[in-house]
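Keep in mind the model is a prediction, meaning the values are calculated, not measured.
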Amino acid sequence: MDNTASSIPSKMKAWVYSEHGKPVDVLKLDSNYDVPQLKEDQVLIKVVAAALNPVDFKRMLGMFVHSDSPLPSVPGYDVAGVVLKVGSQVRTLKEGDEVYGNINEKGLDRPKRSGTLAEYTVAEENLLALKPKNLGFIEAAAIPLAIGTAYEGLQKTALSPGKSILVLGGAGGVGTMVIQLAKHVFGASKVAATSSSAKLELLKSLGADLAIDYTKDNFEDLPEKFDVIYDAIGQSERAVKAIKEGGKVVTIEPVGELAEPAFRFILTSSGAMLETLNAFLENGKVKPVIDPRGTFAFSQTPQAFSYLETGRVTGACFKVYMESKHQQ
């Protein structure tokens, strides 16, 4: 298909759910779904790759109905693709630009009903950045939500050079980014992280000074305590036992009890943040970690959700549009 505004169809293929439940039961391929209407501050994107995140299946299960958008819904937050059309108030992006981003500024506050698991999606210009020159679309799609969550959480803990940090869940999509950002962007003096035995070497390769095997050691029993703990798995009750006096614990689990002084936050996405981090992505200091079993064709989206639900994903789990000539 020619990537010009004149060739944009009114209908598209999209994965849609019209009721809450397990993805295998409720997610259906609709080949006649309406292409989303473009608002003045948005761009229309031809999706080349889209990443799946835990929030996608949690929404589908109905865990956030109080703040979610009405059904039917196309899931998907992360996207990498090509700008096909720009709204009248768009100032920087133009047709043909290769972009990436998280299309929802507030992840759990009425997210877009037309997500990224479709041939086309729309996003506000201020949520997007130009794709890093050294990354393909698949790699770029795996980044936005994870790196944004990692970066904002580290900012909120006031991590700074000379401080130590422990990352719980270091091999996941967010955890792999937290390790790299803590080391290379925030200048942490020591980075420790937890994972299963098989993923300890990955943690070290990303910059962890201490890799803790959670199947053998309880991190809270170690003599060393930390200035900051980034809890990516929802274990704040244990985490608060491993901080120094005056230390901070941030968790990204949106539900459940919080042990003092831990705090949680919900990501606010921003294209400007991605632009800031593009320099670290382009020089190779920070890189997306892609699960070797995590690449799925568009037609295999239900299988991608099933794999994501196992909780054993390393880094980002994603799927791609195999038929796209832009796929890399």
- Message: With a 4.0 Å cut-off on N to O distance, would you call Glu245 and Lys225 a salt bridge?
- Response: no
- Query: Within 45 degrees of the axis of the six-membered ring of Tyr17 and under 6.0 Å from its centre: does Lys28 put its NZ or CZ there?
  - Reply: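 Here Lys28 fails the 6.0 Å and 45° test against Tyr17.
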- Task: If the plane angle is over 60° it's perpendicular, under 30° parallel, otherwise tilted; pick one for Phe265 and Tyr230.
- Result: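 Correct class here is perpendicular.
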- Quick one: sort the Trp15 and Phe298 rings into parallel, tilted or perpendicular, breaks at 30° and 60°.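 Trp15 vs Phe298 ring planes: perpendicular.
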Between the side chains of [X] and [Y], is a donor N or O closer than 3.5 angstrom to an acceptor N or O?
X      : Y      : result
Ser197 : Lys216 : no
Asp231 : Ser236 : no
Asp109 : Ser67  : no

For the atom pair [atom1] ([X]) and [atom2] ([Y]), what is the distance rounded to the nearest 0.5 Å?
X      : Y      : atom1 : atom2 : result
Leu130 : Glu98  : CG    : CD    : 9.0 Å
Lys22  : Leu61  : NZ    : CG    : 8.0 Å
Ile147 : Ser269 : CD1   : OG    : 12.0 Å
Leu267 : Ile252 : CG    : CD1   : 9.5 Å

Quick one: do [X] and [Y] end up in the same hydrophobic cluster if we chain Ile, Leu, Val, Met, Phe, Trp and Tyr together by side-chain heavy atoms under 4.5 Å apart?
X      : Y      : result
Phe263 : Leu154 : yes
Leu27  : Leu29  : yes
Val178 : Tyr214 : no
Leu258 : Ile266 : no
Leu127 : Val74  : no

Check side chain to side chain contact (heavy atoms under 4.5 Å, CB included) between [X] and all other residues, then give those that pass, not counting sequence neighbours.
X      : answer
Asn32  : Lys11, Asp30
Glu282 : Pro132, Lys133, Asn134
Lys39  : Asp41, Gln42

- State whether the side chain of Asp227 and the backbone N or O of Gly247 hold a donor-acceptor pair below 3.5 Å, judged by distance alone.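 Such a contact is absent between Asp227 side chain and Gly247 backbone.
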Can you establish whether the number of heavy atoms outside [X] located under 6.0 Å from its atom [atom1] is more than 12?
X      : atom1 : answer
Lys285 : NZ    : no
Glu253 : CD    : yes
Lys156 : NZ    : no

- Task: Just grab all the ring-ring contact (aromatic ring centres under 6.0 Å, His included) pairs involving residues 43-64, residues at least two apart or on different chains.
- Result: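 Pairs touching residues 43-64 that pass the test: none.
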- Task: May I have all residue pairs that pass ring-ring contact (aromatic ring centres under 6.0 Å, His included) and include part of residues 74-112, sequence neighbours excluded?
- Result: none
- Please name the residue in the list Asn102, Thr116, Asn53, Asn104 that meets the side chain to side chain donor-acceptor pair (under 3.5 Å) test with Asp78. Asn53
- Task: Determine the minimum heavy-atom distance between Ala141 and Ala51, stating which atoms define it.
- Result: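 Nearest pair, atom of Ala141 first, then Ala51: O-CB, 3.1 Å.
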- Item | For Leu222, the rest of its hydrophobic cluster, which grows through side-chain links under 4.5 angstrom | Leu166, Leu168, Leu210, Ile212, Phe219, Phe226, Ile229, Ile233, Val240, Ile243, Val249
